[in-house]
Amino acid sequence: MSVALLVPAAAVIVLLMGVPLATVVADSFTDRSFLRPVAEFVGLENYSELLGDPAFWQTLGRSLLWTGASVVLQIALGLAFAMLLNQRFRGRGLLRGLFLLPWVTPVVVVALIWKWMLNDLYGVINGLLGTVNPAWGDLAWFSDQSLALGTVIGVNVWRGVPFTMIILLAGLQSVPKELVEAASVDGAGRLRTFLNVTLPHLRGILLTVAMIFTMFNFNNFDLVYLGTRGGPADRTMILPVKTYDVAFNGLQVGEAGAWAVLTLITIALIAGIYFAYMRRAERKY
């Protein structure tokens with residue numbers, strides 16, 4: 001009886017995730033295209049071409065850089081703000097609510113706001129920078145090849161920090177006060193108390209947040225696509241955006257399926273490394 005109650009939910013998951021995934025995997029072994037009504041089986045040809053193409057490895061490396069930089073900065077800044085908001089001061093509740101605004105704001109709105117603020121012709125950021133140094137007044141944040149990737153990473157960090165902050169704030173509030181007071185009595189300063197008491201207590205939470213945000217960021221499509229569409233000159237082209245570009249601009253469904261499957265394999269490898277590390281850490285401690 002208990003198993004029967006799970007059937008509707010399982011059916012929905014299979015229909016919404018299993019069937020599309022199976023279709024993508026099947027298409028990756030064909031030359032399916034929007035331009036041809038009939039697809040032919042090509043085996044591993046799509047995969048061999050991608051793995052032999054330097055553009056794939058460049059895109060993969062860029063995706064790992066985008067993900068790694070975003071996760072590290074989101075966790076580091078989230079922890080810093082969590083520690084700030086864990087203190088008692090007037091207006092703390094209001095400030096917590098304001099800090100959540102970037103996360104609850106729709107991605108489309110976030111992209112539009114930052115594209116307006118960082119516009120090289122009339123953006124308020126360039127206007128402020130121009131008052132400091134006129135050479136900074138016309139920086140093309142989203143279209144300059146040397147600035148575009150850092151810019152979208154910065155916007156992504158700005159949006160993701162509030163969520164990590166809330167999770168880590170909850171973790172900070174669960175740190176036993178007795179341990180903190182004992183460290184203080186023993187003469188430990190704030191830094192030593194943080195390193196020896198707070199950080200070890202947050203270890204599990206930090207690893208979980210890192211894993212979740214690695215998945216979020218590696219699969220992030222909308223923010224990069226809305227911000228730069230992978231440009232300029234593919235400087236912000238990451239795997240999800242490239243998959244979309246191959247499928248709906250290049251019209252090559254089979255090749256796009258291979259991009260998608262390789263993306264899934266990369267994510268699975270990252271998850272496997274994470275879970276192996278967690279099992280090893282559990283045995284150690």
Side-chain angles (χ1 to χ4, degrees), residues 61-89 91-105 107 110-111 113-114 117-118 125 141 146-176 179-180 183 188-220 222-224 227 235-236 238 240 266-267 270-271 273-275 277-278 280-281 285:
R62 196 178 300 113
S63 299
L64 294 174
L65 174 61
W66 149 269
T67 302
S70 296
V71 170
V72 169
L73 291 173
Q74 285 168 344
I75 291 178
L77 293 175
L79 180 58
F81 286 121
M83 293 183 66
L84 171 65
L85 295 179
N86 196 40
Q87 308 299 316
R88 293 185 178 274
F89 57 88
R92 181 177 64 170
L94 175 62
L95 198 58
R96 287 179 179 179
L98 292 176
F99 267 73
L100 278 177
L101 285 178
W103 179 256
V104 300
T105 303
V107 180
V110 169
I113 288 174
W114 280 101
M117 293 178 63
L118 295 173
I125 301 296
W141 297 94
S146 62
L147 296 175
L149 182 59
T151 300
V152 292
I153 288 175
V155 175
N156 188 43
V157 169
W158 177 83
R159 185 172 187 270
V161 162
F163 190 66
T164 61
M165 180 199 70
I166 290 298
I167 297 175
L168 295 174
L169 180 59
L172 285 172
Q173 293 178 345
S174 68
V175 175
L179 295 179
V180 176
R190 291 189 176 184
L191 180 59
R192 288 189 60 188
T193 301
F194 172 76
L195 294 176
N196 297 327
V197 178
T198 305
L199 202 57
H201 187 82
L202 294 177
R203 178 178 168 276
I205 298 175
L206 288 171
L207 289 173
T208 302
V209 170
M211 182 60 183
I212 293 173
F213 269 78
T214 297
M215 301 297 102
F216 281 173
N217 289 310
F218 201 86
N219 283 308
N220 197 316
D222 42 14
L223 187 59
V224 176
R235 285 297 190 274
T236 61
I238 57 177
T266 304
I267 294 174
I270 295 173
I273 294 172
Y274 169 81
F275 288 118
Y277 173 80
M278 289 295 291
R280 182 179 178 182
Y285 292 98

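Since we're looking at a predicted model, the values are computed, not measured.
Every residue was checked against the ring pair (Phe, Tyr, Trp, His ring centres under 6.0 Å) condition with Y277, not counting sequence neighbours, and none meets it.
The CD1 atom of I153 sits 8.0 Å away from atom CG of L73, with the distance rounded to the nearest 0.5 Å. T214 contributes atom OG1, which lies 10.0 Å from atom CD1 of I267 (distance to the nearest 0.5 angstrom). The distance from atom CG of L169 to atom CG of L84, rounded to the nearest 0.5 Å, is 10.0 Å. To the nearest 0.5 Å, atom CZ of residue R235 and atom CZ of residue R62 are 7.5 Å apart. To the nearest 0.5 angstrom, T151 atom OG1 is 11.0 Å from I125 atom CD1. Distance check, rounded to the nearest 0.5 Å: CG of L77 to CG of L168 gives 11.0 Å.
At least one side-chain heavy atom of Q74 sits under 4.5 Å from a side-chain heavy atom of N156. Residues I270 and M215 meet the side-chain proximity criterion, which asks for heavy atoms closer than 4.5 Å. With contacts defined as side-chain heavy-atom distances shorter than 4.5 Å, the pair S174/H201 qualifies. Using a 4.5 Å heavy-atom threshold, the side chains of L65 and L149 count as touching. Side-chain contact check for F218 versus L64: some heavy-atom pair is nearer than 4.5 Å.
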For W114 and W158: C-alpha separation, side-chain torsions, deciding distance, then whether ring pair (Phe, Tyr, Trp, His ring centres under 6.0 Å) applies. CA-CA 10 Å; W114 280 101; W158 177 83; 5.4 Å; yes

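In this structure, N220 contributes its side chain and F216 its backbone to no donor-acceptor pair below 3.5 Å.
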Per-pair distances, 0.1 Å, donor-acceptor, side chain in residues 95-105, under 3.5 Å, sequence neighbours excluded:
unit_1: R96; atom_1: NH2; unit_2: L85; atom_2: O; d: 3.0
unit_1: T105; atom_1: OG1; unit_2: L101; atom_2: O; d: 2.5

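With L202 as the fixed residue, the side chain to side chain contact (heavy atoms under 4.5 Å, CB included) test singles out one of I167, L207, L79: L79.
A donor-acceptor pair shorter than 3.5 Å cannot be found between the side chains of T67 and N217.
Between M83 and Q87, the shortest heavy-atom distance links the atoms O-NE2, 3.3 Å. Residues T236 and V224 come closest through the heavy atom pair O-CG1, 3.3 Å.
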